[in-house]
Amino acid sequence: MTRTIFLLLVCAALLPSQSRFDVVEATIPEMRAAMEQKRITSRELVVLYLTRIALYDSKLHAVLTVNPNALQEAEERDRERAQGRVRGPLHGIPIALKDNILTHDIVTTGGALAFDGYLPPYDATLVKNLRDAGAVIIAKTGMTELANWVAGAPTPMPGNYNAVGGFGFNPYDPRRDPREGTNDGRPALATGGSSSGVGTAANFWAANVGTETSGSILSPANQNMLAAIKPTVGRISRYGVIPITADQDTAGPMARTVTDVAILLGALESAAPDPNDPATTACTPPPGRDYTPFLRAEGLKGARIGIPRAFYYDKFEPPGAAGRNDLPAFGRASSEGLTPEQARVMTEAIDILKQQGAIIIDPADIPSIVNPDADKNFLSWGQCGGIGSVKGKDANCSVVLKYGMKRDFNKFLNTLGPTAPVKTLAELRQWNSTHISAGAIRFGQSNLDISDEMDLQADRARYEADRAKDLALAGAHGIDEVMNANRLDAILFPAASGASIAARPGYPTAIVPFGTVPNAPTPPFPAGFNAKPAPFGVAFTGLACSEPRLLELAYAFERATKRRVPPASAP
């Protein structure tokens, strides 16, 4: 690593002294304009970003692998531009990828030690789309190992930890957690999920591509003060992305502005359905795959926005919660709702929406959240995970993720052919068990274990029944019912709190940076540790394929507020 940093600094020394362009907080349109005006080249952009990585990543651990060909790729984009060939708005723009997205020429690990140093035989479809659009893939980002489907209870893997790179740190407070019992190296301010937004927040690249099964785009975007959109499942091809389950997995863009998110979303989407991913027939791309016409400053005027007070804002106890230990984490005890500081942020956000002409429907409670029948209540029906959800103890949770992981991970491994480091999920579990001394499965592998015990034939009926219940509670009698009854354009969730319910039917959500709240965990930090505030965004959730409208709402809100501030820890 020392030699790599040295080489990057040498590259930085080669940057022309007349270059005055500053990449810190620069947007994609600003970079594009600077290249068009010949104030900077793609190569110079890459050098500036590599220099920042060299200077600051030892503190943040945002990068797992730097693309060794990044400078050459940038030079090729510069030659094309000089010849009058510009591929699109991402031409020459440095973009980072979550390390579960396959690139044939950059190591892809998923954070798993068994994949350390692995070069895949092909590019993911979304990578091909990005390269066709002229983007320069600059690096692979840190992530929670295998998108956080390795270790659940009793020792759940902390967010943004993986065996290849260790812990990632939040640039808004990049210190370790000092509390007894959690002082194992994890960050004091959570990074938010398995798609690291750390490098984008710290200006290591223009934007990054994350993936989400249930919260892993929205949560890190929220925690790192980023804009993002978790797309409808199927809008972006998942071919070549290490999966958890095709029922809920999607890739999506994370950036510092909604405009940058919209530009990246258009480049990620294929012009036609991908034959390698049947779900890509779900949504029709906008003309030219261009989402920027939907970025309207007046987009909130007349918009109907619902406020799901019960559970998401206000204290609410799920039916039958008293005395039960088998409920999912979010429904096990009485929800205390938002803290006073969080409530203050959301009250201000709602007031701004009203000032911008939005029609606020408050409350617009989600029927499956407030249903008094526990069997029909979403909060009483979590996803099975961890050692407590082994066969025989999984009657009150959905097996969709643990079943889907075995089905889709094994299918994914088959696409790697003879190059696959392991051939099956069972083989990965065995490899992990025999490499503990090398650093594998520091927190165990209970999620992999409960997935591998599934019988894809014998358990198929149970999986199908649970999948149907997921769709009924989260979709038909959840988001669909409240939106249709109130003719809503979107539901407004605090931060990433709506990720789980939107994930089951695969619905899209756009999140926008907005405020900060105290970082006050339980148990508290020791006296003398002055925790810095945690970012806290607002999220707009809609029905399938509603990304254009959600981007319109998010952009108008961003324009009216402009609350994002860069982290002081990475100047």
Side-chain angles (χ1 to χ4, degrees), residues 28-29 31-32 42 73 76-77 80-81 83-98 100-105 120-137 206-212 217 228-241 243 246 249-255 258-296 412 415 506-510 542-552 554-555:
I28 290 173
M31 294 180 205
R32 185 175 64 200
S42 177
E73 291 180 19
E76 178 60 26
R77 300 292 82 77
E80 290 176 348
R81 183 179 294 277
Q83 295 164 3
R85 182 190 176 196
V86 177
R87 301 178 182 218
L90 283 183
H91 190 101
I93 303 293
I95 301 293
L97 304 175
K98 186 174 177 178
N100 61 346
I101 300 170
L102 299 190
T103 41
H104 78 278
D105 52 352
Y122 65 93
D123 281 347
T125 298
L126 71 84
V127 173
K128 182 180 183 302
N129 291 346
L130 283 175
R131 286 177 159 160
D132 287 348
V136 175
I137 309 303
N208 72 287
V209 182
T211 70
E212 174 161 330
I217 291 172
I229 192 159
K230 178 260 180 178
T232 304
V233 170
R235 185 175 283 281
I236 296 172
S237 173
R238 287 84 51 85
Y239 182 66
V241 180
D249 290 348
T250 182
M254 302 165 64
V258 175
T259 298
D260 288 357
V261 166
I263 292 169
L264 185 51
L265 177 63
L268 292 170
E269 190 170 12
S270 300
D274 182 358
N276 292 307
D277 185 355
T280 51
T281 59
C283 303
T284 301
R289 291 177 290 160
D290 184 3
Y291 287 88
T292 58
F294 303 103
L295 305 179
R296 301 171 54 248
F412 161 78
T415 72
Y507 289 167
T509 299
L543 298 176
C545 305
S546 63
E547 288 88 342
R549 183 59 167 143
L550 296 180
L551 285 168
E552 186 174 30
Y555 178 78

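Residue numbers run from 1 in the order of the sequence given. The analysis underlying the following values was restricted to heavy atoms, covering all of them including side chains, and did not include hydrogens, waters or symmetry mates.
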Please report the shortest heavy-atom distance between Thr125 and Ser270, naming the atom on each side. CG2-OG, 3.7 Å
Taking atom types as modelled, is there a side-chain donor on Thr415 or Tyr122 under 3.5 Å from an acceptor on the other? yes
Is there a side-chain contact between Thr292 and Leu551 in this structure, where contact means two heavy atoms from C-beta onward sitting under 4.5 Å apart? no
Within a strict 4.5 Å, meaning less than it, do heavy atoms of the Phe412 and Leu102 side chains meet? yes
What distance separates Thr250 OG1 from Ile217 CD1, expressed to the nearest 0.5 Å? 6.0 Å
Under the 3.5 angstrom rule, does the side chain of Thr280 hit a backbone N or O of Ser237 as a donor-acceptor pair? no
Shortest non-hydrogen contact from Met31 to Ala206? CE-CB, 3.7 Å
Under 3.5 Å, is there a donor-acceptor pair between the side chain of Arg235 and the main chain of Cys283? no
Roughly how far apart are Arg32 CZ and Arg81 CZ, rounded to 0.5 Å? 9.0 Å
Can you check whether Val241 reaches Ile101 side chain to side chain, under 4.5 Å on heavy atoms? yes
Tightest non-hydrogen contact, residues Ile95 and Ala135, listed as CG1-CB, 4.0 Å
Would you mind reporting whether Ile263 and Leu90 have side-chain heavy atoms less than 4.5 Å apart? yes
Let me confirm one number: the CD-CD distance from Glu547 to Glu552, rounded to the nearest 0.5 Å. 13.5 Å
Less than 4.5 Å apart, side chain to side chain, heavy atoms only: is that true for Val233 and Asp249? no
What are the two closest non-hydrogen atoms of Pro120 and Thr103, and how far apart are they? CD-O, 3.1 Å
For Gly252 against Leu268, the heavy-atom pair lying closest together: C-CD1, 4.2 Å
Nearest heavy-atom pair of Leu126 and Ala251: which atoms, and what distance? CD2-CB, 3.6 Å
Which residues pass the side-chain hydrogen bond (donor to acceptor under 3.5 Å, both in side chains) test with Arg131, not counting sequence neighbours? Asp105, Asp123
Set out, in order, the CA-CA distance, both residues' side-chain angles and the distance that settles side-chain contact (heavy atoms from CB on, under 4.5 Å) for Tyr507 and Leu550, then state yes or no. CA-CA 11 Å; Tyr507 289 167; Leu550 296 180; over 6 Å; no
Would a distance-only check, ignoring hydrogens and angles, find a side-chain to backbone donor-acceptor pair under 3.5 Å from Arg238 to Asp277? no
Side-chain heavy atoms of Glu269 within contact of Pro286, under 4.5 Å: yes
Is the shortest heavy-atom distance from the side chain of Glu76 to the side chain of Glu73 under 4.5 Å? no
Check step by step if side-chain contact (heavy atoms from CB on, under 4.5 Å) holds for Asn208 and Leu264. CA-CA 9 Å; Asn208 72 287; Leu264 185 51; over 6 Å; no
Determine whether Ile236 and Val209 make a side-chain contact, defined as any pair of heavy atoms from C-beta on separated by less than 4.5 Å. no
Is a side-chain donor or acceptor of Thr232 paired with a backbone partner of Cys545 at a separation under 3.5 angstrom? yes
